[in-house]
Amino acid sequence: LVAIIPGRSRAPGRTHDPDGTSDADHDDARAYRGLRVQLPAFEGPLDLLLHLIQRDEIDIADIPIAHITRQYLDHLDLMRELDLELAGEYLVMAATLVRIKSQMLLPSPICDEDGEEIDPRADLVRRLIEYRKFKEAAGMLRDREGDRLRRHGRGPALPELPPDEIPIGQVSVFDLVTYLRQVLARVAAEAPVHRVALESVSLEERIAVLRARLALDRQFLFSDFLLDVRTRHGVIVSFMALLELLRLGEALAVQETTFDDILIRRRDIRGQDRDA
Amino acid sequence: VDKTEMREILEAVLFCADGPIRLSTLVEVLENGAGPAEVRGAIGELNEAYESDGRAFYIEEIAGGFQFLTRPEFDEAVRRLQKTRARAKLSRAGLETLAIIAYHQPVTRPQIEEIRGVDIGGVLGTLLERGLIRISGRSDHVGRPMLYATTPVFLEHFGLRNLSDLPSIEDISAALDRKEVAGDVARALGGEPDDFEVEIAAHLGPGNGHGTTDPEADDVVTGGIREEAPAGVPGDLG
């Protein structure tokens, strides 16, 4: 469990701005009041588990705990490497998964006072099913909200409220992280043999390149943006650059099909949302 | 009671209002002895007339009252006039938290956090600030934690007549089960889950009235004032 304790040594060459002060120069400070853009804050450990369950087409009532624990910890590691802010709840869930996994390995099953066998996963499954219902209900509310906002009442226009979240597009952070893992696996497989010097890529540089690219093309594939990086470090920093522009609301991320390449779209901060 | 005159008065009153007017208020204003059912009927007749005349608006029952709203197809034109962008929508965290409050109210913060599995302090603040929820009292449990409930602003924001306008959580659960079965069948037989959902719904029996994401299930667009129907009445599925 030591590996998942936060605050490990940071990746070299990091120039990321963890305080998010880089948006302080935005011309409309009020619109940013109370804004929370640490990406994973929208989601939580239950959401990550549901994402993995859906991705691997797992029966929620019969979760292969060893597999899901490994996937969960892998995602957590990667999210930490990306400097995404991980709430303590993610670690609590990691501990829960490891505990369930060890209970499953016990030679004799745990029984309740009536001698009935207790599935160590039962509590987790119950929570996932309960959470999934409200996630679905939230989707229903989102549809109703969209429907209502297209119909206008009499009287003056309702005041525009500051957004409490910058839409990052039609993907979740977990979709992005899952895709990144695929890319990293490919990079590892194609590791150059003769390359000795570390590719030095700074986050600022990748942000600048991404901005320049967005100025040129209204949309392009993330894999395109990765064409000129060869190392794991380069891929990670490029991905952080994407997260930063999503965070600043300069770009949107769209996935045509789940678990596929990511389409990056320009988004004008003052203009219409393009994800509508 | 002169029906024509009643319709005209109702039209005039609602025309002047910029928010929902309660049925009881309309009854008072009319002063003609007409009861709530007659007023509701007259509003239905007005809506029928608007629809057959092809008007761009209708009277919507919303948040426990009645209000003129434009039809959704004129959204862009209206926003060009008002020079506003699409209004800020709630975040996913906000929607999930609201969903839990709406179905479990009154509910405490620890109860909500138990379901969502994350800290919701910030989200609660935003929802309170926007008037979508309120503190409705204190629980009798240890520490007497505060209880949260939704407000009329919540109903207005989502275009709901009242809380029972929401599909029941059992319906949502049943719809999820169907989706899952449809996914399994689609994987086994090939094809898209959608191809099988209707048939599976027929096999699993009723349970979904309003449809969670099906826009067709919403007859608000036509402006038809629906009869009071408890959530869960079988709708157009199956």
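Since the model is a prediction, treat every value here as computed from it, not as a measurement. Naming convention: chains lettered A, B, ... in sequence-line order (proteins, then strands); numbering from 1 in each chain.
Only the backbone of B:Ala17 has a heavy atom closer than 4.5 Å to any heavy atom of chain A. Both the backbone and the side chain of B:Glu114 come within less than 4.5 Å of a heavy atom of chain A. Residue B:Phe15 touches chain A through both its backbone and its side chain, counting heavy-atom pairs closer than 4.5 Å. In this structure, chain A has heavy atoms under 4.5 Å from both the backbone and the side chain of B:Leu69.
The residue among B:Asp119, B:Leu14, B:Thr70 with the most heavy atom pairs within less than 4.5 Å of chain A is B:Thr70.
Residues meeting the salt bridge (Lys or Arg N to Asp or Glu O under 4.0 Å) test with A:Asp112, sequence neighbours left out: none. Remark: A:Tyr72 engages no residue in a ring-ring contact (aromatic ring centres under 6.0 Å, His included) (not counting sequence neighbours).
A:Ala138 approaches B:Ala99 most closely through the heavy-atom pair N-CB, 4.0 Å. Of all heavy-atom pairs spanning B:Tyr103 and A:Met140, the tightest one is OH-CE, 3.5 Å. The shortest heavy-atom contact between B:Val118 and A:Gly44 is CG1-CA, 3.5 Å.
From B:Ile169, atom CD1 reaches atom CZ of A:Phe134 across 4.0 Å, with rounding to the nearest 0.5 Å. Taking CD of A:Glu136 as the start and CD of B:Glu96 as the end, the distance is 11.0 Å to the nearest 0.5 Å. Atom CZ of residue A:Arg151 and atom CD of residue B:Glu73 lie 11.0 Å apart, to the nearest 0.5 angstrom. B:Leu160 contributes atom CG, which lies 7.5 Å from atom CG of A:Leu141 (distance to the nearest 0.5 angstrom). How far NZ of A:Lys133 is from CD of B:Glu170: 7.0 Å, rounded to the nearest 0.5 Å. Here the straight-line distance linking atom CD1 of B:Ile172 with atom NZ of A:Lys135 works out to 14.0 Å at 0.5 Å rounding.
Remark: the backbone N or O of B:Glu76 is not paired with any side-chain donor or acceptor of A:Arg150 at under 3.5 angstrom. Between the side chain of A:Glu145 and the backbone N or O of B:His157 there is no donor-acceptor pair closer than 3.5 Å.
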Please walk me through it: do B:Gln67 and A:Arg154 pass side chain to side chain contact (heavy atoms under 4.5 Å, CB included)?
CA-CA 8 Å; B:Gln67 166 180 20; A:Arg154 292 181 42 74; over 6 Å; no
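Residues A:Leu46 and B:Arg116 are not in side-chain contact: their nearest non-hydrogen atoms beyond the backbone lie 4.5 Å or more apart.
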